[in-house]
Each structure stands twice: as structure tokens, then as C-alpha cells.
Amino acid sequence: MSAVNDTKLNSAVFLLTGIPGQEDVHLWISVPFCLMYVISIVGNSVILFIIKTDPGLHEPMYIFLSMLAVTDLDLSISSMLTTLGIFLFNSREISLNACFAQLFFIHVLKYTESSVLLLMAFDRFIAIHDPLRYASILTLPRIAKMGLVCALRGVALILPIPFLLQRFQYCRANVLSHCCCLKQEVMKMACSDIRVNSIYGLLVTIFTVWLDSLLIFLSYVMILKTVLSITSHAECLRALNTCVSQLCAVLLSYTPMIGLSVMHRFWEGSSPLLQIPLGYIYVLVHP
């Protein structure tokens with residue numbers, strides 16, 4: 001009986017994972033990771049500085065871009081300490097509370113990013129479909145309210161999750177397969193019944209990532225329909241050119257987000273060689 005109880009004691013820490021089997025070269029692997037973090041932080045900071053200092057860029061498209069840069073900047077910072085700690089100092093331990101705090105910020109920022117990408121798709125649709133009313137529809141006060149709603153939606157949906165996770169007891173097998181804490185994997189470490197958390201997490205994913213991706217897809221279908229009705233070939237290409245970079249950002253954001261969600265929920269036997277790269281793309285490559 002005591003042995004059973006021992007297996008259900010709360011673990012003091014989780015153990016994060018870098019790249020399994022490559023521990024001897026983690027110091028060398030840290031070089032490209034450090035470089036990517038520097039590029040992410042400096043690049044997004046430069047974007048924000050340029051948009052802030054150039055009055056000609058105080059337009060809806062660039063304001064939405066600055067929102068995306070702020071989100072990606074914060075996302076890089078929220079995962080940087082644990083990732084570089086693993087590769088530089090082999091510091092794999094993270095306390096339960098620190099893990100819950102990290103997963104809260106990472107998922108709030110990812111869902112906020114999803115909302116911002118949806119707003120950017122809406123911005124391009126209005127600009128191409130109804131350019132004469134563009135300025136009157138996307139006014140600065142309205143854009144500010146949209147940004148606030150995006151942030152509040154992410155916080156409101158994720159805020160219950162750390163508190164729900166704190167109620168659980170965690171098994172001694174507390175090794176996570178990523179360089180930072182993600183809610184889907186932390187839930188699987190619990191010894192308790194996680195059905196309520198799992199259902200709530202699935203509903204959150206459906207009403208954020210899946211809904212946003214569907215609306216973005218519909219926005220681009222409407223954009224494509226509008227562009228194809230333009231008679232001038234040059235104007236058609238110019239209109240499409242304004243959407244190419246955003247489409248790349250959407251694919252980089254949603255592919256790992258949806259892929260990790262599906263793997264952790266419905267494909268538990270998936271290879272770590274697939275999960276680990278998706279995890280790094282999830283928190284690092286897109287920013």
C-alpha cells in the first residue's frame with residue numbers, strides 16, 4: 001500500500017529534454033540556437049523600432065505586424081532560458097510552479113499569435129476587396145480594441161489550466177520530451193484522472209487554433225476570388241504579393257501547433273524524432 005502511495009507523490013521537478021542521444025554535442029548545438037534567439041529578439045525589436053519611428057508605417061497592416069512582433073518577441077523570451085539552460089549548462093530541472101508558469105505564457109502567446117494572424121488575414125481581405133473603405137473600417141481605436149480582445153481571449157482561455165494542473169499528483173516518471181513545458185505533455189505526466197483537463201484543452205484548441213485557421217483559410221479563398229477578378233495582370237500579382245509573407249507565417253505557426261496537438265492527443269506512439277523538431281518550430285522558428 002505504501003509503495004502505491006509513493007508512486008503518487010508529487011514530484012518536486014520535471015526534467016526537460018534537449019535532443020536525446022546528442023548530449024555530448026549539446027554545447028555545439030547551442031551555437032545555432034543562440035544565433036536563432038539573437039536573430040529573433042533583434043529582428044523583432046528592429047521591426048518594432050522602425051514601425052514606431054516611421055510615421056508612414058502607422059497604418060493597419062504595420063500595426064498588426066507590430067502586434068505579431070511583440071507576441072513573437074515575448075514567445076522567444078519565454079522559452080529561451082530553459083532551452084539555452086539545457087544546451088549550455090545541462091540544466092534540465094524545472095520546478096512544478098515554474099513549469100506551469102512557462103506553459104501558461106507560451107500557450108497564451110501562441111493563441112494570441114493565432115488571433116493576430118487572423119486579424120492580418122482580415123486586414124488583407126479588406127485592403128484587396130474593399131480598398132475605398134479600408135481606412136474607415138480599420139481605424140486606430142478599432143485596431144486597439146481588436147488587439148486587446150486577442151490578448152484577453154488568450155489569457156481567459158489558458159488561465160484555468162495551470163490551476164487545474166496544480167490539483168494533480170505527478171508520477172515519478174517526470175521526463176518531458178521538449179525543451180520547455182507544453183500543457184499537452186504535462187497533463188500526461190499526472191497520475192490522476194485528466195479527462196476534464198483533456199476535454200477543456202481540446203475545446204480551447206478547437207475554438208482558437210482550429211477556428212482561427214478555418215477563418216484564415218476562408219479569408220484567403222475570398223482574397224483569391226477577388227484577385228482573380230482583377231483584369232490587370234500586374235495589379236493581380238501586386239495584390240497577391242502582399243499576402244505571400246503572411247501565408248508563410250501562417251504555415252510556420254499552424255503546422256507545428258496543430259501537429260503537436262494531434263500527436264499528443266490522438267497519436268501517443270508517435271516518434272520523438274517527429275515531436276522534437278515540431279516542438280522547436282513551435283516555440284522558436286516562427287518568431
Side-chain angles (χ1 to χ4, degrees), residues 40 42-75 108-155 157 206-258 285-287:
S40 173
V42 173
N44 284 297
S45 298
V46 168
I47 289 173
L48 290 170
F49 177 77
I50 292 173
I51 292 174
K52 186 179 187 307
T53 55
D54 188 348
L57 298 180
H58 295 175
E59 298 178 0
M61 180 173 71
Y62 298 105
I63 294 173
F64 288 131
L65 179 59
S66 66
M67 290 181 187
L68 187 64
V70 168
T71 305
D72 285 340
L73 188 61
D74 292 339
L75 184 60
V108 165
L109 291 166
K110 288 304 290 187
Y111 290 150
T112 302
E113 178 186 73
S114 175
S115 302
V116 173
L117 289 171
L118 175 58
L119 292 181
M120 294 176 76
F122 175 71
D123 166 77
R124 291 298 83 206
F125 170 69
I126 297 297
I128 294 172
H129 181 73
D130 200 356
L132 296 179
R133 297 181 58 210
Y134 178 71
S136 63
I137 293 174
L138 293 175
T139 60
L140 291 180
R142 192 168 289 167
I143 291 172
K145 291 176 183 177
M146 289 177 176
L148 181 61
V149 168
C150 289
L152 290 177
R153 183 179 79 151
V155 171
L157 290 173
I206 290 172
F207 287 109
T208 52
V209 177
W210 292 92
L211 180 61
D212 289 351
S213 58
L214 176 62
L215 293 175
I216 289 172
F217 173 75
L218 293 176
S219 296
Y220 277 100
V221 168
M222 297 299 292
I223 287 171
L224 185 60
K225 182 179 178 181
T226 303
V227 167
L228 292 177
S229 67
I230 299 174
T231 54
S232 170
H233 183 67
E235 289 183 6
C236 179
L237 289 177
R238 186 171 61 186
L240 285 176
N241 191 47
T242 64
C243 303
V244 171
S245 59
Q246 189 192 342
L247 275 173
C248 293
V250 168
L251 289 174
L252 271 176
S253 179
Y254 282 109
T255 301
M257 199 185 302
I258 293 174
V285 175
H286 182 257

The reported gap from CG in Leu118 to CG in Leu211 (rounded to nearest 0.5 angstrom) is 8.0 Å
Self-check item: Check against side-chain contact (heavy atoms from CB on, under 4.5 Å), Leu48 and Leu73
Solution: CA-CA 10 Å; Leu48 290 170; Leu73 188 61; 4.2 Å; yes
On a heavy-atom basis, the closest approach of Thr139 and Ala135 is CG2-O, 3.6 Å
Would you sort out whether Met120 and Val250 count as a side-chain contact (heavy atoms from CB on, under 4.5 Å), showing the intermediate values? CA-CA 10 Å; Met120 294 176 76; Val250 168; over 6 Å; no
When rounded to the nearest 0.5 Å, the distance separating CD1 of Ile223 from CG of Leu218 is 11.0 Å
Rounded to the nearest 0.5 Å, the CD1 atom of Ile137 sits from the CD1 atom of Ile143 at a distance of 11.5 Å
Residue set satisfying side chain to side chain contact (heavy atoms under 4.5 Å, CB included) with Phe207, at least two apart, ordered chain then number -> Leu203
What one should report as the nearest heavy-atom pair of Tyr111 and Gly154 is CB-CA, 4.4 Å
With sequence neighbours left out, the residues meeting ring pair (Phe, Tyr, Trp, His ring centres under 6.0 Å) with Tyr62 are none
By side chain to side chain contact (heavy atoms under 4.5 Å, CB included), Met222 pairs with (sequence neighbours left out) Phe125
Rounded to the nearest 0.5 angstrom, the CZ-CD1 distance for Phe64 and Ile51 is 12.0 Å
Quiz item: Does any non-hydrogen side-chain atom of Met61 lie less than 4.5 Å from one of Arg124?
Solution: yes
For Thr71 and Leu109, the nearest pair of non-hydrogen atoms, with its separation, is CG2-O, 3.2 Å
Across all chains, not counting sequence neighbours, the side chain to side chain contact (heavy atoms under 4.5 Å, CB included) partners of Ser253 are Lys110, Glu113, Leu117, Met257, His286
Residues at least two apart in sequence or cross-chain that pass side chain to side chain donor-acceptor pair (under 3.5 Å) with Ser115, listed by chain then number, are Arg153
Take Val70 and Asp74 through the side-chain contact (heavy atoms from CB on, under 4.5 Å) test and state the conclusion after the steps. CA-CA 6 Å; Val70 168; Asp74 292 339; 3.8 Å; yes
Here the gap from Ile216 atom CD1 to Leu247 atom CG, rounded to the nearest 0.5 Å, amounts to 9.5 Å
Between Ser114 and Tyr254, the two heavy atoms sitting closest are OG-OH, 2.6 Å
Residues pairing under salt bridge (charged side-chain N to carboxylate O under 4.0 Å, His left out) where one sits in residues 49-66, two or more places apart or in two chains, turn out to be none
So CG of Leu214 and CD1 of Ile206: to nearest 0.5 Å the spacing works out to 12.0 Å
Check your understanding: Would you say Asn44's side chain and Ser40's backbone share a donor-acceptor pair under 3.5 angstrom?
Key -> yes
Any Leu138 side-chain heavy atom under 4.5 Å of Phe122 side chain:
yes
Worksheet item: Is there a side-chain contact between Ile63 and Leu140, using heavy atoms and a 4.5 Å cut-off?
Response: yes
